[in-house]
Amino acid sequence: TSNSDGDDTSGNDSGGGAVAAPAGSNDETGDTVVIGFSAPAADHGWMGSITESAKNEAAKYDDIELRVAEGTNDVAVQISQVETFINDKVDAIVLLPFDGAAMTPIALKAMAAGIPVINVDREFDDPNAARVTVLGDNYGMGVSAGAYVCAEADGNKDAIVAEIAGIDSLPLTQDRSQGFNDALAECGLDVDNRVAADFTVEGGSDAAEQLLQAAPKIDFLWNHDDDQGVGVLAAIDNAGRDEFTMIGGAGSKNAMELIKSGDSVLKATVIYPSTQAADGIRLARLLVQQKAMSDLVEVEVPRVVQLYAPVVTADNVDQYIDTAFES
Amino acid sequence: MTSTPGTAQPLLQMTGIVKQFPGVLALGGVDLDVRAGEVHCLLGQNGAGKSTLIKVLSGVYEHDEGTVTWDGAEASVSPPAKAIDLGIATIYQELDLVPHLDVAENIFLGHELSRGGFMQRSRAHREARELLDRLGHPEIAPTRIVGDLSPAKQQIVSMARALSRDTRLLILDEPSAVLDQEEVQNLFRVIRGLTAEGVAVVYISHRLEEIREIGDRITVLKDGRTVGTGLAVADTPTAELIRLMTGRSIEYAFPPRVEARPDRADVVLEVRDLGLAGVFSGVDLTVRAGEIVGLTGLVGAGRSEILETLYGARRASTGTVSIDGRRVRRGSIGAAVRAGVGLCPEERKSQGLLLDESVYSNVTIASLLRFARFGFLDRGEEKRRAEELAKRLDIRPAGVTRPARNLSGGNQQKVVLARWLLRECRVLLLDEPTRGVDVGARTEIYTLVRSLADAGVAVVVVSSEIEEVLGLADRVLVVREGEVVHESAAAAIDEATVLDLVMEGKVVQ
Amino acid sequence: MTQDSARVERAALETEREANPALALLSTSVGRNAGLVVALLLICVVGAVSAGDRFTSSDNALTILRLAAGVGVVSIGMTFVIIGGGIDLSVGAIVALASVWSTTVATQQMVEDTHWIAMVGVALLVGAGCGLVNGLVIAYGNVVAFITTLAMLASARGLAEIISDKKTQIIPRHGFAEFFNGDLLGVSVQIWLFALVAAVGWILLNRTTFGRRTVAVGGNPEAARLAGINVKRHTVYLYVLIGVCSGIAALMLVARTTTGSSTHGTLWELDAIAAVVIGGTLLTGGRGTIVGTVLGVLIFSTLTNIFILNNRSFSEQSLFKGAIIVAAVLLQQRLASRSNT
Amino acid sequence: MTQDSARVERAALETEREANPALALLSTSVGRNAGLVVALLLICVVGAVSAGDRFTSSDNALTILRLAAGVGVVSIGMTFVIIGGGIDLSVGAIVALASVWSTTVATQQMVEDTHWIAMVGVALLVGAGCGLVNGLVIAYGNVVAFITTLAMLASARGLAEIISDKKTQIIPRHGFAEFFNGDLLGVSVQIWLFALVAAVGWILLNRTTFGRRTVAVGGNPEAARLAGINVKRHTVYLYVLIGVCSGIAALMLVARTTTGSSTHGTLWELDAIAAVVIGGTLLTGGRGTIVGTVLGVLIFSTLTNIFILNNRSFSEQSLFKGAIIVAAVLLQQRLASRSNT
Ligand SMILES: Nc1ncnc2c1ncn2[C@@H]1O[C@H](COP(=O)(O)OP(=O)(O)OP(=O)(O)O)[C@@H](O)[C@H]1O
Ligand SMILES: Nc1ncnc2c1ncn2[C@@H]1O[C@H](COP(=O)(O)OP(=O)(O)OP(=O)(O)O)[C@@H](O)[C@H]1O
Ligand SMILES: [Mg+2]
Ligand SMILES: [Mg+2]
């Protein structure tokens, strides 16, 4: 998984002191690195956890000075934040853009100014705009969810599949849906009802209520995001429906607890690591201090790191529950 | 009466004008002809259709039937731009200025002096300056923001605007309502100058003395119909005019004062050293039960402010107000109302009425608690009481559920009076109670105020009409530039003396 | 000229009404909002045709009403504020703050020690408190309502985020959710609450001194003041009222989602204002109806429901929603007479 | 009562002004917005103290201005609409639609065949077209501006999503971005554009018949009509004007991001209205200043910048922003005399 390299939980407040590291290891304190960090507005748990885990990660190192810009969903404001980082001549910028394509020109400008940019989650449209790209696997998430449905449907071609997407206009949502559709097509299924929410609890609840009304019977329901999932589950509870299997997305602690307990319609969730930005921070530090990734032979940090999207079920939930984020 | 209207062919002829508002026949066949160089007066009670007629004439409304002949040819005057192009300039009853533009900009609004869309500001200022000088008001700076001017000065600006175009017919709808006597004389001087140049003037007023002074011929409207047209002013006695307007004979006079009112009546209102920084100072005033005290002075002397301050609508900077011997908290209308004070404000529409609300809720608004149990209103009772008052004050039309907006000026004034009658107040403050009110209603209001006083109410009246104050009040205070310069019994002073006091601050021999 | 023609139309209707008893009947309460009723019926016809009995089922009707309930409660408060000549952009943020505050560990501790009614108290107090601040700044600080409540929007949401640390706070199971999310006579308590708030709002606006004063304060504040009404104090009351409504809406949302969150109620201010304005309340104050607002809320939620039943994309929904809103208002204008029900 | 005390104050100020030449000077143009200038200076002092020369550097000043530019251009248009008695909630959506339309394959094909000026044409036409529809519905359909433009918001964004299929559309490299995102005399073209639009707006409002008529139409529409002004037509012009401003802002955003997207300009309507209102323009129309709006825009973008520099969290920023907005308005009220520059 993404956090297999000894990353501890984002929830616990271990941040503060430096990690005592043996001489010569990557964790050894080096020259102070100033890192600018900017991400979209923390309007849902996953995004909140992104910023938080970045901060916690930075706090572990005495040689990182992190500058966190206000989360924003306005590209004009986010561009301005990056400009400020450039003016400040920070050593590296970790950027989770609201819109990857729209942030490309300013990222290029930063790179041109000699500041390495670490692109997280939402990809730029120009490979030169980032030194390193840390990606979740949105398409893969859809595929994992779809494959899980196919396996559970077990050949039943009439199974009714519903989908509650996140913010429809984001490419990541489109990728997830695409992956889901492609995987379902493999076993002859398709999405019968689809609504989009907005990653918030309230949006999830409204969308689910309407969806349940529109589809009197459902066999499988994939909900892209466990934050809005809290609302979705509340709506399902209210409607008194339990005839279907629900699959979540992102992998919140709350969702995993429900999976573990087994007494809810939520039987699985597909992980989308919220520690990407923390990885970005680490990579930025390594880059600036001209170190490499110690588990790799390479003498340079790689260009792309793509994280894996595993499915969590009751069988393997214990393995993941500690690294899950709180919504 | 300066020029003799000579030409046989009238400049303007309106025949059989019909204007129907849904549910109201505002004009039911009106004829009017106006000759170049004359002052043609329009007379009629509130709601007779005078304003509607001139709005048809200036293109604001389109008439349903009838013809308008201009200069011998049938003409269409709607929309306003067309009327303006013909040379018809109008000063409407409701002020029609833009508050945040300056004087010059208001004067030239709609026909701005401009080149290629850009304002020629210095030229506009120069020409505005000339117009204002011509109107006898050099003190109004063309760069002043109109909203800061007093209503009287705003009226002057409207006038300047009318003159800024090439005018052949000037329409004035109750221009004197916001002017004091001095200003009215000034206005007449300008009108005479215009008629001498051959401009025709249509003049609307409820003040018959003015008609006598400036008018050449008169057209009388009643209930949207012409009942007399082209009457020469000189040949028509006032009684006849009133009979035409009202259909009955009313004595146009003030109700008789009860002479030698005993001074022993209780003092109800006592004002000591009242002042409002920068506006007025040192006002002392004592009003006994049953007494009517008049405040007069020039427009802008500060009379309205005195009333508003003692009512608590403005926070006095000095002095005290006591009702029945008890001090009233400063700057609190609530306290004043609870102590039994009521105010009929100067601007009926903007300060007095909730125009879109029904008559009855306008009447009961100051006494809501009387109709409430645990906050719930008894609307039936409200309507009943309002109807009673409407009957007593003869408010027409009778229905109390109509919106106040649809009432004529005089009837709107009665609605505000009814509000305080309902509250049975001890002190009644009236600011220009007969402004824009017709002869009939005016007499009714005088009678009403007097009967209230006789019932023990202490009344304070502000009016710019000296005659009215002298006729109605028992005692008169003359206010000049924020100071009371004279106080005496109304019987002991005459109009000329008051005028001297108002103008000079002392009696010139 | 808009006003003029409206006035003329109004007068026309009045005359007609006097002549025609059927019209007179129509002109009472609901009839005054005839245009909206017709618009809503038309929308329902479209729903029935396009989605058949999936739309017409009583379950679906309840779904629409449940969706309408939260914003509906806020819209009732908004009706008062707008009639009173104000505006409140902070309702959504107040909903968020109240939802967060009533789901904190401390509040939940309190609930455990006493009763879940403590949560209700907290939410209502938070709402009333925010409303009080708004009202005081507007009435006594003379800051325009738009700016004051925009500032409150930013502050309340910021505070909600700080309190919740941007986490979604899930409430433990106790009587609260059971009550607020339960059923009564087969209808969700949420819907009952909406109905109750609307009914109380109607009575308050049409039958009490408070309502009469609200109309006066919004219609002509200067005249209201000179008639002895304490306009400033009344203005404060109005904002406290909408604050309390926001508190109630927060409780409903907490029960429905079993969570408190700083993202709750996002953009509800726009939804509420839109519902109020489409319901015929003048944005300039002085005139408006509760019935109109309720119809406005229902029109919006029915539209959303139909689009989802038909599996239409959100984009198409947006595109048509715009056109339908304008059409509804035009209809309303043609048919409606003025009223202050 | 607010008005009354304002009047008294005004009168007092006028007398003072006549006596004191320094005050007279202050009362011209910028002086009329003295409160805002002071507020902005105070904010800058806070910036300089807390962030040192990271704040005061000229690079940072340019960053602030670049951030202000896009919303700034829209705010200038909004100033006209609000002074004219209207409101426009659809500007953000129009920005999105114009950005999408000017970056479609078809438009880019056109650009290849002719010149990148074609993109400019498309964006301005889309903006003007949306504004025209808004204006016609408001002026001739008598639908209130709030509802009309709310409907346009939904429709325009919906259409933008449909056209772009919700994908971010990236423009190929040609002269367009180079020009609109380039520098001129060391200052970004975006800033020049904002300055240009503000200057043209100032002249238009203060020195042309169009501007004076806008004040008249917003201040007293009936009087404007009686003076022979075609109020309806003028209203249409105003919405076309803000549409064109939105088109310009769209071009600036496209150049900055090299993309067109249906999410561009989200909530810009609120930012623009807030800047205009904080700049002293009356929401009820009839009064307002371009200088005030520019100051309002700068206050907001400087605030944002300082928060970025100081590493403050979003939540704290929100919390303080609210308080600062109210404080700025109170300051403005204390210091400002009225004006119509
Ligand atoms: N826009 C309107 N809609 C409906 N009725 C109207 C309208 N304007 C005027 N009326 C009615 O038409 C009649 C004539 O009104 P008008 O204003 O012309 O009277 P007036 O003679 O000018 O009265 P006053 O002396 O009070 O100014 C009145 O009954 C009035 O209520
Ligand atoms: N809008 C205003 N702005 C500034 N000063 C004003 C304004 N209105 C009145 N004033 C000032 O207040 C003082 C009193 O004016 P006001 O017109 O109320 O007196 P008044 O005697 O009641 O005259 P009126 O007959 O017009 O009511 C004057 O000095 C005037 O200049
Ligand atoms: Mg009249
Ligand atoms: Mg007065």
Side-chain angles (χ1 to χ4, degrees), chain B residues 20-24 60-61 79 308 311-313 332-338 341-358 361-379 382 399 401-406 416 419-420 423 429 431, chain C residues 1 3-19 24 27 83-85 200 202-234 237 281-282 284-288 337-341:
Chain B
Q20 171 94 45
F21 289 117
V24 184
V60 180
Y61 297 146
E308 285 169 12
Y311 185 58
S332 160
I333 294 177
V337 169
R338 275 190 299 277
V341 189
L343 169 75
C344 297
E346 181 170 16
E347 309 270 341
R348 260 189 313 270
K349 287 195 170 148
S350 66
Q351 300 181 304
L353 292 168
L354 307 165
L355 288 173
D356 286 321
E357 293 306 301
S358 59
S361 64
N362 270 289
V363 170
T364 57
I365 188 75
S367 331
L368 281 182
L369 289 181
R370 181 174 312 182
F371 300 98
R373 281 183 64 204
F374 311 113
F376 288 86
L377 284 169
D378 181 347
R379 294 201 297 178
E382 272 185 89
T401 52
R402 284 173 194 274
R405 190 186 286 285
N406 289 358
V416 182
R419 176 185 299 168
W420 298 114
R423 189 143 181 129
L429 311 174
D431 199 350
Chain C
M1 72 268 79
Q3 274 189 326
D4 255 347
S5 60
R7 203 200 303 160
V8 170
E9 256 172 63
R10 228 183 287 143
L13 236 130
E14 240 158 76
T15 347
E16 256 180 90
R17 197 187 297 161
E18 271 155 34
S27 81
I83 291 178
V200 170
W202 191 89
I203 292 173
L204 201 59
L205 183 61
N206 296 294
R207 292 284 179 267
T208 69
T209 54
F210 182 85
R212 186 67 65 75
R213 289 189 180 134
T214 304
V215 173
V217 165
N220 188 345
E222 180 64 7
R225 188 177 79 101
L226 290 178
I229 294 174
N230 192 330
V231 174
K232 284 173 194 266
R233 199 169 56 199
H234 195 85
Y237 290 160
T281 298
L282 283 188
T284 44
R287 206 165 83 209
S337 69
R338 73 188 292 269
S339 77
N340 64 337
T341 305

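Residue numbers begin at 1 in each chain, while the letters A, B, ... track the order of the sequences.
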Between [X] and chain C, which part of the residue has a heavy atom less than 4.5 Å away: side chain, backbone, both or neither?
{"X": "B:S367", "answer": "neither"}
{"X": "B:Y311", "answer": "side chain"}
{"X": "B:L353", "answer": "backbone"}

On a heavy-atom basis, the closest approach of B:R419 and C:A227 is NH1-CB, 3.9 Å
Is there a donor-acceptor pair under 3.5 Å between the side chain of C:R225 and the backbone N or O of B:A313?
-> yes
C:N220 side chain to B:G352 backbone, donor-acceptor under 3.5 Å | no
Minimum side-chain heavy-atom gap B:F376-C:T209 below 4.5 Å | no
Could you check which of C:G219, C:A216, C:A223 has the highest count of heavy-atom pairs closer than 4.5 Å to chain B?
-> C:A223
Salt-bridged, C:R212 to B:E382, with N to O below 4.0 Å?
-> yes
Criterion side chain to side chain contact (heavy atoms under 4.5 Å, CB included) on B:I333 and C:L226, from CA distance to verdict = CA-CA 7 Å; B:I333 294 177; C:L226 290 178; 4.1 Å; yes
Out of B:V416, B:V337, B:L368, which one racks up the most heavy-atom pairs below 4.5 Å with chain C?
-> B:L368
Side chain from CB out, backbone as N, CA, C, O: work out which of these in C:I203 comes under 4.5 Å of a heavy atom of chain B, or both, or neither.
-> side chain
Working for side chain to side chain contact (heavy atoms under 4.5 Å, CB included), residues C:R207 and B:R379 | CA-CA 8 Å; C:R207 292 284 179 267; B:R379 294 201 297 178; 2.6 Å; yes
